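Values in this document were obtained by computation on a predicted structure and should not be read as measured data. Count residues from 1 along the sequence.
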Amino acid sequence: MTASAPLAPLVWFKTGGVAEILFEPADTADLSEFLQDMNPEYPVMALGLGSNLIVRDGGVPGVVIRLGKAFSKVEKVDEITLNCGGGASGILVSSTARDHGIAGLEFLRSIPGTVGGFVRMNGGAYGREVKDILIDCDVVIRSGEIVTLPVSELGYTYRHSNLTDGSIVVAARFRGVPGEPAAIQAEMDRISAAREASQPLRSKTGGSTFKNPDGAKAWELVDRAGCRGLTVGGAQVSEKHTNFLINTGTASSADIEALGEEVRRRVKEQSGVELQWEIQRVGEP
């Protein structure tokens, strides 16, 4: 357990303040015990790879839980099912599925996050979402109780679940279909190449900034509103993909969030559409 732990090194934007307390549990029992012993009023937040997150400059009050190596295992359950730790990356899950001849999980290759994060927000890409492959998940709720929830109880909609604040997804079961490892790899390569060609992956960025509105693509609305390359301080709308914001090297979290709000304002003015943030914004300004 670390007090006043810097969070900027742990998130993709490389900006933001400190966590009041950062806790990396040894295993699920350790996490359960820790939450049981903690004042129930104390806020709790899970941190995965920090890819879809703006940590505000004033830092995060309460406890930030980071799932480390103990939660990153991926194991075969049966011919088409994997048991995945909440800290496992999308790349590890899709690669393990390939090795076992399980198809249908290739899209996870392109989600820059961990199982816990994309189960919580029904992460998706290239026409697939977590709800299409999830059987159930193990969750440590704020009280410290460990529960297993089937996909039907998560209330999934686009980039949203009804998991309560302070709930930590520690494991999930994903089911695919039988496939040939070579064909699975080819699909993963296709997805990887498409991402590389269209997204600013080598920048300090945060994944898709805004949710796609019904019947529209966020990046097209941003582009049409003349926001490509727009800057606020050290933050910039990517020239390569306008639904990505970039820290050019000197941005504060306030710059990044202000840029996002300016983009939302211009899009509303130009097209009448109110873009919704997909990136999580946490902490104090």
Side-chain angles (χ1 to χ4, degrees), residues 1-75 83-93 111-121 123 137-149 154 161-172 204 206-207 247 252-254 256-257 279-285:
M1 188 162 69
T2 311
S4 299
L7 293 177
L10 305 181
V11 300
W12 279 30
F13 274 123
K14 303 301 178 201
T15 63
V18 302
E20 190 175 337
I21 294 171
L22 178 67
F23 179 61
E24 300 192 358
D27 52 29
T28 300
D30 187 31
L31 174 59
S32 171
E33 214 169 280
F34 179 80
L35 290 176
Q36 280 173 29
D37 292 345
M38 193 195 299
N39 181 334
E41 301 300 313
Y42 221 53
V44 169
M45 183 193 104
L47 175 66
L49 291 184
S51 57
N52 199 260
L53 194 64
I54 295 171
V55 173
R56 292 182 173 122
D57 300 308
V60 179
V63 177
V64 174
I65 308 281
R66 191 161 184 247
L67 302 184
K69 277 200 171 66
F71 295 87
S72 63
K73 296 183 182 71
V74 178
E75 298 160 331
N83 183 40
C84 308
S89 69
I91 291 176
L92 179 61
V93 175
I111 302 180
T114 57
V115 167
F118 50 70
V119 165
R120 170 175 279 282
M121 67 177 294
C137 59
D138 300 333
V139 180
V140 181
I141 60 176
R142 180 60 188 82
S143 65
E145 187 186 349
I146 304 165
V147 297
T148 298
L149 301 173
L154 294 177
S161 76
N162 60 13
L163 281 170
T164 53
D165 287 348
S167 299
I168 315 283
V169 178
V170 291
K204 293 171 186 166
N247 171 8
S252 63
S253 291
I256 297 166
E257 191 168 2
I279 286 180
Q280 264 192 302
R281 292 149 299 137
V282 300
E284 306 288 339

Calculate, to the nearest 0.5 Å, the distance between atoms CD and OG belonging to Glu145 and Ser167 respectively. 10.5 Å
Before you tell me yes or no, could you show the steps for Met1 and Val63 under side chain to side chain contact (heavy atoms under 4.5 Å, CB included), namely the whole-Å CA-CA distance, both residues' side-chain angles and the distance that decides it to 0.1 Å? CA-CA 10 Å; Met1 188 162 69; Val63 177; over 6 Å; no
Residue that, paired with Leu47, satisfies side chain to side chain contact (heavy atoms under 4.5 Å, CB included) out of Val60, Val11, Ile65, Thr114: Val11
Closest heavy-atom contact between Val170 and Leu67? CA-CD1, 4.4 Å
Residue pair Leu7 / Val18, side-chain heavy-atom distance below 4.5 Å: no
Does some side-chain heavy atom of Arg66 sit less than 4.5 Å from a side-chain heavy atom of Leu22? yes
Treating Ser32 as the side-chain partner and Gly144 as the backbone partner, does any N or O pair qualify as donor plus acceptor under 3.5 Å? yes
Check the pair Met45 / Leu53 against side chain to side chain contact (heavy atoms under 4.5 Å, CB included), numbers first and verdict last. CA-CA 12 Å; Met45 183 193 104; Leu53 194 64; 4.2 Å; yes
Which heavy atom of Val55 sits nearest a heavy atom of Gly17, and at what distance? CG1-N, 3.9 Å
Validation row: Leu163, Val139 side chains within 4.5 angstrom (heavy atoms): yes
Separation between CG (Asp165) and CD1 (Ile141), nearest 0.5 Å, reads 13.0 Å
Taking C-beta and beyond as the side chain, do Leu35 and Arg142 meet within less than 4.5 Å on heavy atoms? yes
Over all heavy atoms of both residues, which pair between Ile279 and Gly207 is shortest? Give the atoms and the distance, please. CD1-O, 4.0 Å
If we ignore hydrogens and angles and just use 3.5 Å, is the side chain of Asp57 paired with the main-chain N or O of Ser253 as donor and acceptor? yes
Can you tell me how far apart CE (Met121) and CD1 (Ile111) are? Round to the nearest 0.5 Å. 9.0 Å
Between atom CE of Met38 and atom OG of Ser143, what is the distance when rounded to the nearest 0.5 Å? 12.0 Å
Please name all residues satisfying side chain to side chain contact (heavy atoms under 4.5 Å, CB included) with Glu284, sequence neighbours left out, ordered by chain then number. Pro61
Does some side-chain heavy atom of Lys73 sit less than 4.5 Å from a side-chain heavy atom of Leu92? no
From CG (Leu49) to CH2 (Trp12), nearest 0.5 Å: 7.0 Å
What distance separates Ser51 OG from Phe13 CZ, expressed to the nearest 0.5 Å? 10.0 Å
In terms of heavy-atom contacts, does CD of Glu20 have more than 12 from other residues, nucleotides or ligands at under 6.0 Å? yes
Where do Thr15 and Ser252 land on the side chain to side chain contact (heavy atoms under 4.5 Å, CB included) test, with the steps shown first? CA-CA 6 Å; Thr15 63; Ser252 63; 5.9 Å; no
Treating Arg56 as the side-chain partner and Pro285 as the backbone partner, does any N or O pair qualify as donor plus acceptor under 3.5 Å? no
Among Thr28, Thr148, Leu149, Ile168, exactly one meets side chain to side chain contact (heavy atoms under 4.5 Å, CB included) together with Asp138. Which residue is that? Thr148
Hey, does Val64 have a side-chain heavy atom less than 4.5 Å from the side chain of Phe23? no
